[in-house]
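Okay, structure first, notes after.
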Amino acid sequence: MALRVYNTLTKEKAEFTPVEKGKVGMYVCGPTVYKPSHIGHMVGPVIFDAVKRYLTYLGYQVTFVVNITDVDDKLIVRAKELGTTVKELAEKMTADYCDCLKRLNVAGIDLMPRATEHIGEMIEMMRGLIDNGHAYPSGGDVYFDVSKDADYGKLCHRDPEQMEAGARVEISDRKRNPGDFALWKGAKPGEPSWDSPWGPGRPGWHIECSAMSMKYLGKTFDIHGGGLDLQFPHHENELAQSESYTNQIFARYWMHNGLLKMGNAKMAGSVGNVVNVADLLKKYHPETVRFLLLSTHYRSPIEYSDDRLAEVRRSLDGFYRFFERYQRVNGASFHQIEAPVRQGEVPADGDFLKEIGGLRKRFLECMDDDFNTGGAVGVLYEMLNKLNRFADDKKVEDASAKPQAKAEFTEGVRIFKEMSQILGLFQEPAVAAKGGDDQLVGGLMQLLIDLRAEARKAKNFALGDQIRKRLTEQGVTLEDRPGGTGWRL
RNA sequence: GGCCCCUUAGCCAAGCGGUAAGGCAGCGGAUUGCAAAUCCGCCAUCCCCGGUUCAAAUCCGGGAGGGGCCUCCA
């Protein structure tokens, strides 16, 4: 089966074929760095990180670019409020953004170009657009002339005339048409500015993405992604100016992710209901957040709430307990397993591995179908169930377990790991139980477990249960397993 | 006012014409001294009304409810 991708431009799924065989260029719109990142900012990066992982798994060499908008009205206003410079604010907030990405295991971004470092490219592009009649300077500004672009509106499937009807576009006597948008804004006193043939100023919002994406990925590249709310005007304008400039197709596949919802409204700075990533991560492990974002298909809105996060946290427990189980069987951590990337069928002997192989196939089919991570996550749960069942049936934790059974079990776990890596999940121990590494706590726990064991041996269950009950009150759960008693927080 | 999209069990969520994945919660059972963990089983006919089809959650038309965009927004 081949990878199929939904394209906003055509409104349908089509088989994915890159411009250049074996390579993929992917550009995703990043944040305007004027405030700390909220969770909504993480949706795109996490999803496209998974997209890159999967494309890489399929053998493509992927270049993943996320831009940083480091000059803009909001930055100027915010910097003034804080009594700092735009540059300093941008640097600080970019660091925050990068830190959030790192914690959510978004590891695939190759380049993060800054708008302010590409003024030259933008000027060159504007010059070209003015020369070919698609843009015009006006009173120190430069505008894109929408009326000169025959297929303007094709991304959003809108007729420009209809849009203008009830539109509340910025009125300016410098524009020829109300729908025209600024490529360059003439400097006002006190604002950061750069020299240009049209006088000092700064770039408009859309031009940076055209200039930078084409610089790093070429005039025609494969995937352009971003939030659904960026479709218009940002992406429509980006597309219009780029294709007017090069006379070539800009991005071949436009992918738009659904927005995060708080209750029944989207989460956004403009709505004022944002949840800071840094704050959130104080309460929930990053993997819980990543898992939540990948549990839904990327084009659907994602329900966000504290209850939901708590539920995800609970549902993740099954995986984490299984990893502990694996460690009991093999003595090594699940996280150290090397799971090679294998194309095609995995050779399988025996019903168990055939079953796991079948699930692996289903997982891959989900990903092939427009990166259906939600379906893929479901398959992961099914694998977990099969793995546990096999472990129960064959008693792989017992010393008497057959080496053959243990080997099959281990191979099954490797396949599970191979799949989970594609989603960027379970890469590191997520619940290194608080205090679990602490020698003193470990020693004290062993003491209590030993005392309880003695009480139980003497059939003093009342005392044994009291020890367990009081530990439960402290948030410690005991598990009596064949090989002895374990505990976790 | 215009343009899009969504509606699947108590909650979250796959599904893209062939008779409803998965998770959380709940219930019953195995296991356990009792638990925990794990396993087994149970738990929906897909917002409503029509239509197309041998066959529809899936296609078409209408209705109801919710959301997004048209303005900065991931």
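We name chains A, B, ... by the order of the sequence lines, and we start the count at 1 in each one.
Following rounding to the nearest Å, A:Asp317 (CG) and B:U38 (C1') show an atom-to-atom distance of 14 Å. When the P atom of B:G23 is taken as reference, atom CG of A:Leu380 falls 12 Å away, rounded to whole Å. Put simply, CZ on A:Phe232 is 17 Å from P on B:A74, counting in whole angstrom units. Counting to the nearest Å, the P atom of B:C6 and the CG atom of A:Leu228 are 11 Å from each other. Protein atom NE2 of A:His297 is 17 Å distant from nucleotide atom C1' of B:G22, rounded to whole Å. In this entry the distance linking CZ of A:Phe319 with P of B:G23 reads 9 Å, nearest Å. In this structure, CG of A:Leu230 is placed 10 Å from P of B:C70, rounded to the nearest angstrom. The distance from atom CZ of A:Phe323 to atom P of B:U38 is 13 Å, rounded to the nearest whole Å.
The base-pairing partner of B:G15, taking Watson-Crick or G-U wobble contacts with both distances under 3.5 Å, is B:U8. Shown here, B:A25 forms no base pair; nothing in the strands shown gives a Watson-Crick or G-U wobble contact with both key distances under 3.5 Å. Under the Watson-Crick or G-U wobble criterion, with both distances below 3.5 Å, B:A57 is left unpaired in every strand shown. Under the Watson-Crick and G-U wobble criteria, each requiring two contacts below 3.5 Å, nucleotide B:G33 is left unpaired. The nucleotide B:C69 finds its pairing partner in B:G2, both defining distances of the Watson-Crick or G-U wobble pair being shorter than 3.5 Å.
Around NZ of A:Lys35, the count of heavy atoms belonging to other residues, nucleotides or ligands within 6.0 Å does not exceed 12. Enclosure of atom NZ in A:Lys154 by more than 12 non-hydrogen atoms of other residues, nucleotides or ligands within 6.0 angstrom is indicated. Under a cut-off of 6.0 angstrom, the local environment of CZ in A:Arg470 is sparse, with at most 12 non-hydrogen atoms contributed by other residues, nucleotides or ligands.
Side-chain atoms of A:Asp110 and A:Thr63 include no donor-acceptor pair closer than 3.5 Å. A donor-acceptor contact under 3.5 angstrom links the side chains of A:Ser315 and A:Tyr381, judged on distance only. Checked by atom type, the side-chain pair A:Tyr320/A:His285 shows no donor-acceptor distance below 3.5 Å.
Here the nucleotide nearest the side chain of A:Tyr381, chosen from B:G15, B:G22, B:C39, is B:G22. Of the candidates B:G15, B:G23, B:A74, B:A74 carries the atom nearest the A:Asn257 side chain, counting heavy atoms from C-beta on. Taking every side-chain heavy atom of A:Arg158 into account, B:C69 is the closest of B:C69, B:A21, B:C4. Side-chain proximity of A:Lys266 to B:G68, B:A21, B:A13: nearest is B:G68. Side chain of A:Asn388, nearest nucleotide from B:A21, B:C39, B:G23: B:C39. Distances from the side chain of A:Arg389 to the nucleotides B:U38, B:C40, B:G23 place B:C40 closest. Closest to the A:Asn372 side chain, of the nucleotides B:A74, B:C70, B:A14, is B:A14. Residue A:Lys11 has its side chain nearest to B:C5 when only B:C5, B:A74, B:C70 are considered. The side chain of A:Glu311 lies closest to B:G23 when the candidates are B:G15, B:G23, B:A74.
Taking every heavy atom of both residues into account, A:Asn330 and A:Lys406 meet most closely at OD1-CE, 4.1 Å. When all heavy atoms are compared, the tightest approach of A:His256 to A:Arg299 is O-CG, 3.5 Å.
A:Met267 comes within 4.0 angstrom of a nucleotide base, judged by non-hydrogen atoms across all strands. Residue-level contact check: A:Lys13 touches the bases, meaning some heavy atom is under 4.0 Å from a base atom. Within 4.0 Å (heavy atoms only), A:Leu292 reaches no atom of the nucleic acid at all. Among the heavy atoms of the strands, none lies under 4.0 Å from A:Gly44. When heavy atoms are screened at a 4.0 angstrom cut-off, A:Ser270 is found touching base atoms of the nucleic acid. In this structure, A:Gly30 reaches the sugar-phosphate backbone alone: every heavy-atom distance under 4.0 Å involves primed, P, OP1 or OP2 atoms, never a base. A:Ile39 comes within contact range of no nucleotide atom at all, as no heavy-atom separation falls under 4.0 Å. Nucleic acid contact class of A:His234 (heavy atoms, under 4.0 Å, all strands): none. Across all strands, A:Gly378 comes closer than 4.0 Å to base atoms (heavy-atom distances).
The same atom, C1', is picked in B:U71 and in B:G63; the two are 32 Å apart, to the nearest Å. Nucleotides B:C27 and B:G18 are separated by 33 Å at their C1' atoms, to the nearest Å. Spacing between B:U53 and B:A57 at atom C1', rounded to whole Å, works out to 16 Å. To the nearest whole angstrom, the two C1' atoms, one in B:C59 and one in B:G15, are 15 Å apart. Spacing of C1' atoms, B:G68 relative to B:C60, comes out at 25 Å, to the nearest Å. Atom C1' of B:A30 sits at a distance of 46 Å from the matching atom of B:G67, rounded to the whole Å. Between B:U45 and B:A9, the two P atoms lie 10 Å apart (nearest whole Å). Annotation: B:C42 and B:G33 have their C1' atoms spaced 28 Å apart (nearest Å).
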A correct 5'-to-3' footprint of nucleotides 32-37 of chain B, with B, S and - meaning base, sugar-phosphate only and no protein heavy atom under 4.0 Å, is -BBBBS
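Positionally, the nearest nucleotide of RNA chain B for A:Arg314 lies more toward the 5' end than for the other of A:Arg325 and A:Arg314. Comparing A:Ala265 and A:Ser295 against RNA chain B, the residue whose closest nucleotide sits nearer the 5' end is A:Ser295.
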Which is it for A:Trp254 and A:Leu239 under the side-chain contact (heavy atoms from CB on, under 4.5 Å) test, yes or no, and what are the steps along the way? CA-CA 10 Å; A:Trp254 287 86; A:Leu239 187 160; 3.7 Å; yes
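The backbone N or O of A:Ile68 lies less than 3.5 Å from no partner atom in the side chain of A:Arg114, so there is not a single donor-acceptor pair.
To the nearest 0.5 angstrom, A:Asp96 atom CG is 9.5 Å from A:Leu101 atom CG.
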